[in-house]
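The structure appears right after this line, and notes come after that.
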Number of protein chains: 2
Amino acid sequence: MDKIMTYEEYLRDVKKGIVTDLGNCPVTPLLLMLQGKWKTQILYELCIHDTVRFSTLKKELSGITNTMLTNSLRELEADGFINRVQFNEIPPHVEYSFTERGRDLMPIFYEIMVWGFKHESDQPKKDQPKND
Amino acid sequence: MDKIMTYEEYLRDVKKGIVTDLGNCPVTPLLLMLQGKWKTQILYELCIHDTVRFSTLKKELSGITNTMLTNSLRELEADGFINRVQFNEIPPHVEYSFTERGRDLMPIFYEIMVWGFKHESDQPKKDQPKND
DNA sequence: CGGAATCCACTGTGATACTG
DNA sequence: CAGTATCACAGTGGATTCCG
């Protein structure tokens, strides 16, 4: 694909059979990378803090364990979203920051935020709260 | 929030303490709703087919089981993304389609697609394939 | 300080068989 | 046709302890 089209243009081409070698949802791969309970929250902290340390994340994401924080950070790093810089001073510390690939998620997050504000009131009740 | 700002404007306000009542990532809630292996693929089929039947989904999403398809559809319906219309003819069938809430995901998917095309080549290898 | 290692509970996913 | 019911399994999430 040479030029960026809209999603609906893209889908129209898919329907017409012009795009056949994909065969699958172009949205899925990224969203699979962002799955898990903590990934997006870590990225959010990265947005706020520019660079952030392990201990800061641990403090901000209340409830997260060392294990999960480590795993999530490792996966985000492996997927190329964040950088990990280790400072071997005393006391040692580590700083995490966005890669360009990660920072380019911003427009997506912006659209999600817009969607969220538009639809925050129409969230259907998946289970009615019982009035006790 | 009265007017839509950019995500970075929003984050700047968060940093300044103007937005304090949120306290959490505005991106996370939606992405949690879209988690799972099949959700986005189902939505993708909905994009292509406008309305789509259970059996069509079953055929297109090769590998999905009745259980997972049913569960995913139920959750997408509960989250307000899709409509379910049942036709009690002979033979009976069911048609799924987007709600407005679901269709409004399009701009998000578009941004994800743009991101995907920009970064499709810089995907780092998370594990080197061993040449056996 | 920033993890790693281990163990464990839970739940997401899947295969199979059956039903209105 | 469009599911439901059950069971099995694997991966995720979590608590605790220990290490460089």
Side-chain angles (χ1 to χ4, degrees), chain A residues 24-25 28-46 49 51-79 81-97 126-127, chain B residues 24-25 28-46 49 51-79 81-97 126-127:
Chain A
N24 228 325
C25 175
T28 303
L30 173 63
L31 257 40
L32 287 179
M33 291 188 232
L34 297 182
Q35 291 211 69
K37 190 172 171 179
W38 304 103
K39 297 275 186 73
T40 48
Q41 299 184 58
I42 292 173
L43 295 180
Y44 180 64
E45 293 300 325
L46 238 7
H49 296 293
T51 81
V52 62
R53 297 166 57 156
F54 188 92
S55 51
T56 306
L57 286 170
K58 182 86 188 294
K59 187 178 54 186
E60 298 291 329
L61 307 181
S62 80
I64 197 170
T65 59
N66 289 347
T67 311
M68 287 311 301
L69 183 50
T70 300
N71 289 351
S72 303
L73 287 169
R74 289 280 183 274
E75 291 179 21
L76 287 173
E77 190 190 3
D79 285 328
F81 296 120
I82 63 174
N83 294 311
R84 179 182 185 277
V85 181
Q86 187 166 343
F87 295 84
N88 288 321
E89 311 159 351
I90 305 296
H93 69 279
V94 177
E95 285 184 359
Y96 294 95
S97 60
K126 20 181 69 164
D127 40 17
Chain B
N24 227 327
C25 175
T28 303
L30 174 63
L31 258 39
L32 287 179
M33 291 187 232
L34 297 183
Q35 291 210 69
K37 190 173 171 180
W38 303 103
K39 296 275 185 73
T40 47
Q41 299 183 59
I42 291 173
L43 294 180
Y44 180 63
E45 293 301 323
L46 239 6
H49 295 293
T51 81
V52 63
R53 297 165 58 156
F54 188 92
S55 51
T56 306
L57 286 169
K58 183 88 189 294
K59 187 178 56 186
E60 298 292 329
L61 307 180
S62 80
I64 196 171
T65 59
N66 289 348
T67 310
M68 286 311 300
L69 182 51
T70 300
N71 289 351
S72 302
L73 287 169
R74 290 279 183 275
E75 292 179 19
L76 287 173
E77 189 190 3
D79 285 328
F81 296 120
I82 62 175
N83 294 311
R84 178 183 184 277
V85 181
Q86 186 167 344
F87 295 84
N88 288 321
E89 310 159 352
I90 305 295
H93 69 279
V94 177
E95 285 183 0
Y96 294 94
S97 59
K126 23 182 67 166
D127 41 15

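Each chain gets a letter, A, B and so on, in the order the sequences are listed, and its residues count up from 1. None of these values were measured; they are calculated from a predicted model.
Taking the 5' to 3' direction, DNA chain D first and last meets chain A under 4.0 angstrom from a heavy atom at D:dG13 to D:dT16.
Under the rule for a side-chain hydrogen bond (donor to acceptor under 3.5 Å, both in side chains), B:R74 has no partner lying at least two apart in sequence or in another chain. In terms of the side-chain hydrogen bond (donor to acceptor under 3.5 Å, both in side chains) criterion, residue partners of A:Q86 (sequence neighbours excluded) are, by chain and number, A:R84, A:N88. B:H93 is linked by a side-chain hydrogen bond (donor to acceptor under 3.5 Å, both in side chains) to nothing, counting only residues two or more places apart in sequence or in another chain.
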Please write out the pairs of protein N or O atoms and N or O atoms of nucleotides 12-18 of chain C separated by less than 3.5 Å, giving the distance to one decimal.
from, atom 1, to, atom 2, distance (Å)
C:dT13, OP1, B:K37, N, 3.0
C:dG14, OP1, B:K37, NZ, 2.3
C:dG14, OP2, B:W38, NE1, 2.8
C:dA15, N6, B:T67, OG1, 2.9

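Between A:Q41 and B:C25, the closest heavy-atom pair is CA-CB, 4.3 Å.
Listed by first then second residue, pairs satisfying salt bridge (Lys or Arg N to Asp or Glu O under 4.0 Å) with a partner in residues 32-42 of chain B read B:K39-B:E75, not counting sequence neighbours.
For the helix from C:dC1-D:dG20 to C:dG20-D:dC1, the terminal axes (five pairs an end, C1' atoms, rotation from four pairs onto the next four) enclose an angle of 60°, given to 10 degrees.
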Between side-chain atoms of residues 53-66 of chain A and protein atoms elsewhere (two or more places apart, or another chain), which donor-acceptor pairs fall under 3.5 Å?
from, atom 1, to, atom 2, distance (Å)
A:K58, NZ, A:N66, OD1, 3.1
A:T65, OG1, A:M68, N, 3.3

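Here the CG atom belonging to A:L32 is positioned 11.0 Å from the CG atom belonging to B:L34, to the nearest 0.5 angstrom. In this structure, CZ on B:F81 lies 12.0 Å from CG on B:L46, to the nearest 0.5 angstrom. Once rounded to the nearest 0.5 Å, the distance linking CD of B:E77 with OH of B:Y96 reads 7.0 Å.
Between the side chains of A:S97 and A:T51, not a single donor N or O lies within less than 3.5 Å of an accepting N or O.
In terms of phosphate contacts, A:R84 brings a side-chain nitrogen or oxygen within less than 4.0 Å of OP1 or OP2 of C:dG3.
Contacts of A:F87 with the nucleic acid, taken as non-hydrogen atoms under 4.0 Å apart, are absent. If you check every strand for non-hydrogen atoms under 4.0 Å, B:S55 touches sugar and phosphate atoms only.
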